[in-house]
Chemist: 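This structure is in structure tokens; I'll ask about it shortly.
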Amino acid sequence: MVVIRVLPNTYYLLPNTYYLVPSTTIHEIPERSGVGPFTTHHSPLPIHYSPFLAIINLFTQTQGWEYLVMTEQELNAKRTKIKLNYFFALILLLHSLFFLAYWFSVGIFRATVDAFLGDLVGWHLPYVTILMVLTGLLFLMTLFRFIGLRLAVKSGEWHPAAPDWIFSIAWPLFLAVFYGTFVLIFQQDPSQRGVVRHLLDLMRLGGDALLVLLAAVWLRRLVRYLRRGMMRASRRWPWTVGITAALVALVGLWLVPALFPPNWAYQGDLPSKPSLIAHRGASMLAPENTLAAAELAAIHQALGFETDVRISLDGVPFLMHDETLARTTNIAEVLPERVGDRASTFTLDELKALNAGLWFIQQDPFGTIEGGKVSQNQLSIDQGQGIPTLAETLSLVREKGMVILFDLRYPPSDHPYYSDVFEIVLEQLVEARMNSNIWFLLDPDQLALVRERAPQMTRVAGISSTAPPTAEMLLEQAYEIVNVDRGITTSHIRAYRAEGLGVNVYTIDEPWLFSQFWLAGVTSVTTNNVHTFNQLDQPVLNISYSNYMLSWGLFGIIVAIWLASSPPEPEPVAPEDVEPPDLQDFAMDDGELIVGMKNGETAGDPHWPDEPHTRFEWEPEPPEPAGSEPSDQGPSDPDGEDQPQE
């Protein structure tokens, strides 16, 4: 950095240096230094033709004005810093956008996270909502910063609205929260990996085109650079190879979505709509695991009813999901001293004395009552619900012609019926004579007994998406249906379907996610949202592969035409090198400051206009007070020309 201190009323000029002075600066100079207003008779030259860029520092020093002359290397370093900030802003923008999209898309899971964090810290607050609001504010701040930096990349000047240190703290802190949140979520619920995977697949709707377009912009710059190099090179083939490689890379990038299309671009015929298995019944409209919920599931055209079976202290199977009765019954009012006791430690009479419907009306866990989706008649039915036995449930399900899928929850090992619970449940299933309408979740060591006692029952394998077995292994064990969480990949789904296995995925409550599994080819899904899914006639987003390729090919043609119509940029004319001047050679007293040289000395320079001369002018200084000695020179003309004294 070269610093030139300018003494009052003395002006210096560096040859081959272009002083770019904003109009606001010109008008501020008289107020701060007492020097008359400057004007110029020609526009400043383009910055990229200048070996130096002069920047005026707008503050008054005792020695006079400070002019900072920035070298081209320092200017490039400044622009590089702006580009790095631009890149970091882009990274933060994409992360915050995806973070918001994820939390908006998961719906019911937000309440689960709030409950988990509330139990963890002891304060029940809308943690996810607070996080979403903060992320939204950060997204807006980053968006404005991103736009400003994009404009600053070309100008080389960046004047942030917020201090840089705010973002220096915010972006690493947010990225830590971003990745830390997903690590914690994946540890607690591995099936969320599938949700994220399907969300990214859905975002390919615009993401693929955006990535190809960004790549095309950068490759276009590279191609133009290589074409300029080829024009002045003696051997052109290396440059030709580079241009060809860049174009091949762009074509290859365009081919990736064509070879690996998103899930919503289906090939062949649209897959059949998955059947609906009501999770604990129509649990958004009625209290879970009650006969009212099972009946509503049938009304909303569910194929089946999914539930959980436990055994009472006196050996009667009944429906209950939780280990205790605290959440879904009025145990705190009837038997407050036993709120924390296991459900399997109660007799059937004690269970029948409890209400299993009032909690749903009081808490409205899904907001469906407030939203007007539950009728008054249904509310009156819900408030009188009790805990049903397995036998009562089988009777209703058989009457409605539905399928029943259940998890058998074993009691503690010291329970009197611990070793007999499977036999008791199997006996009731056989007596119900529902045959294939019973989807029995079986461990491998239970298969032989069931095939012997009830070969007509549908054998279901409960597997995890983190370690799915092969289709061949499941077929060898005589399984017919796979029951898996939503973390399962599309490739595994299609592999199971290709071997004739049915695939049921749980628990799917969002229409967009249901649509993704629909297009993946699953045979059924377990859902709380049966009343919404039964209204869908086709996936939320879907397009045939042929139409997808048509639109994608048209996009590729447009990008190719744009690239082909981009001529190489003209080479800038570099100024001649000059030796560093002695500044005293260019010092002048009050008068006229000539910028550059006369026309004869600048002839032929394409960047210097042919004018008689180019100059800065200023107003005459105010007259000296009375009593001072007269000036040796006469008054100056406002145009800067000397006038003869009268």
Side-chain angles (χ1 to χ4, degrees), residues 272-283 286 288-311 316-321 388-409 421-443 446-463 474-475 477-484 496-497 500-508 517 522-531 533-534:
S272 299
K273 180 179 178 179
S275 300
L276 304 179
I277 307 296
H279 185 236
R280 307 173 196 169
S283 52
E288 65 181 57
N289 283 331
T290 61
L291 296 181
E295 194 163 0
L296 269 181
I299 292 174
H300 289 287
Q301 303 173 4
L303 172 69
F305 170 54
E306 187 274 344
T307 187
D308 308 272
V309 176
R310 297 183 182 274
I311 194 163
V316 180
F318 66 97
L319 306 192
M320 181 60 58
H321 174 270
T389 64
L390 176 59
E392 293 169 343
T393 305
L394 291 172
S395 177
L396 176 63
V397 170
R398 182 175 63 246
E399 178 186 340
K400 299 297 183 181
M402 298 172 69
V403 164
I404 185 168
L405 168 67
F406 64 90
D407 285 323
L408 182 56
R409 309 282 183 175
V421 61
F422 184 80
E423 283 285 349
I424 294 172
V425 170
L426 179 59
E427 185 63 30
Q428 288 197 8
L429 296 176
V430 171
E431 291 175 358
R433 300 183 181 277
M434 293 177 61
N435 299 328
S436 61
N437 279 350
I438 294 176
W439 289 12
F440 207 161
L441 274 167
L442 298 169
D443 294 333
Q446 298 168 339
L447 283 168
L449 178 60
V450 171
R451 292 186 69 182
E452 178 185 349
R453 297 272 304 276
Q456 302 90 351
M457 291 183 188
T458 301
R459 296 173 293 277
V460 182
I463 67 172
L474 294 172
L475 289 173
Q477 296 173 324
Y479 282 113
E480 300 171 271
I481 293 178
V482 173
N483 190 52
V484 63
Y496 291 145
R497 294 296 298 124
L501 287 168
V503 179
N504 180 71
V505 180
Y506 64 90
T507 304
I508 310 299
F517 281 108
V522 301
T523 52
S524 60
V525 298
T526 300
T527 178
N528 297 298
N529 204 3
V530 62
H531 62 288
F533 291 174
N534 78 319

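What's counted below: heavy atoms across the whole structure, side chains too, no hydrogens, waters or symmetry copies. Count residues from 1 along the sequence.
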Chemist: Could you measure the distance from the NE2 atom of His531 to the CG atom of Leu276? Nearest 0.5 Å is fine.
Modeler: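 Separation between the atoms: 11.5 Å.
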Chemist: Tyr479: what forms a ring-ring contact (aromatic ring centres under 6.0 Å, His included) with it, not counting sequence neighbours?
Modeler: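 Counting only residues at least two positions away or on another chain, Tyr479 forms no ring-ring contact (aromatic ring centres under 6.0 Å, His included).
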Chemist: Name all pairs fulfilling the salt bridge (Lys or Arg N to Asp or Glu O under 4.0 Å) condition that reach into residues 424-442, sequence neighbours left out, sorted by first residue then second.
Modeler: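 Listed by first then second residue: Glu427-Arg453.
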Chemist: Quick check: does any side chain N or O of Thr523 sit under 3.5 Å from a backbone N or O of Val503, one acting as donor and the other as acceptor?
Modeler: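 Side chain of Thr523 to backbone of Val503, a donor-acceptor pair under 3.5 Å: yes, one is there.
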Chemist: Could you pull out every donor-acceptor pair under 3.5 Å between side chains of residues 434-441 and any protein atom, sequence neighbours left out?
Modeler:
none

Chemist: Pairs under 3.5 angstrom only: tabulate donor-acceptor contacts from the side chains of residues 298-311 to other protein residues two or more places apart or in another chain.
Modeler:
unit_1 : atom_1 : unit_2 : atom_2 : d
Glu306 : OE1    : Arg280 : N      : 3.3
Thr307 : OG1    : Asn289 : OD1    : 2.7
Asp308 : OD1    : Arg409 : NE     : 3.3
Asp308 : OD1    : Arg409 : NH2    : 2.8
Arg310 : NE     : Met320 : O      : 3.3
Arg310 : NE     : Asp322 : O      : 3.1
Arg310 : NH2    : His321 : O      : 2.7
Arg310 : NH2    : Asp322 : O      : 3.4

Chemist: Say you draw a straight line from CG of Leu394 to CD1 of Ile404; how long is it, rounded to the nearest 0.5 Å?
Modeler: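 So the CG of Leu394 and the CD1 of Ile404 are separated by 5.0 Å.
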Chemist: Does the side chain of Leu442 reach to within under 4.5 Å of the side chain of Phe422, using non-hydrogen atoms?
Modeler: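 Yes, side chains in contact.
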Chemist: How would you list, by chain and number, every residue that makes a side-chain hydrogen bond (donor to acceptor under 3.5 Å, both in side chains) with Gln446, sequence neighbours excluded?
Modeler: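 Tyr410.
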Chemist: Between Leu319, Val460, Val425, which is the residue that forms a side-chain contact (heavy atoms from CB on, under 4.5 Å) with Phe406?
Modeler: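 Among the candidates, only Val425 passes.
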Chemist: Ser283 and side-chain hydrogen bond (donor to acceptor under 3.5 Å, both in side chains): which partner among Thr527, Asn528, Thr290?
Modeler: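 Looking at Thr527, Asn528, Thr290, the match for Ser283 under the side-chain hydrogen bond (donor to acceptor under 3.5 Å, both in side chains) is Asn528.
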Chemist: Could you pull out all residues at least two apart from Thr393 that satisfy side-chain hydrogen bond (donor to acceptor under 3.5 Å, both in side chains)?
Modeler: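 side-chain hydrogen bond (donor to acceptor under 3.5 Å, both in side chains) check on Thr393 returns nothing, list empty.
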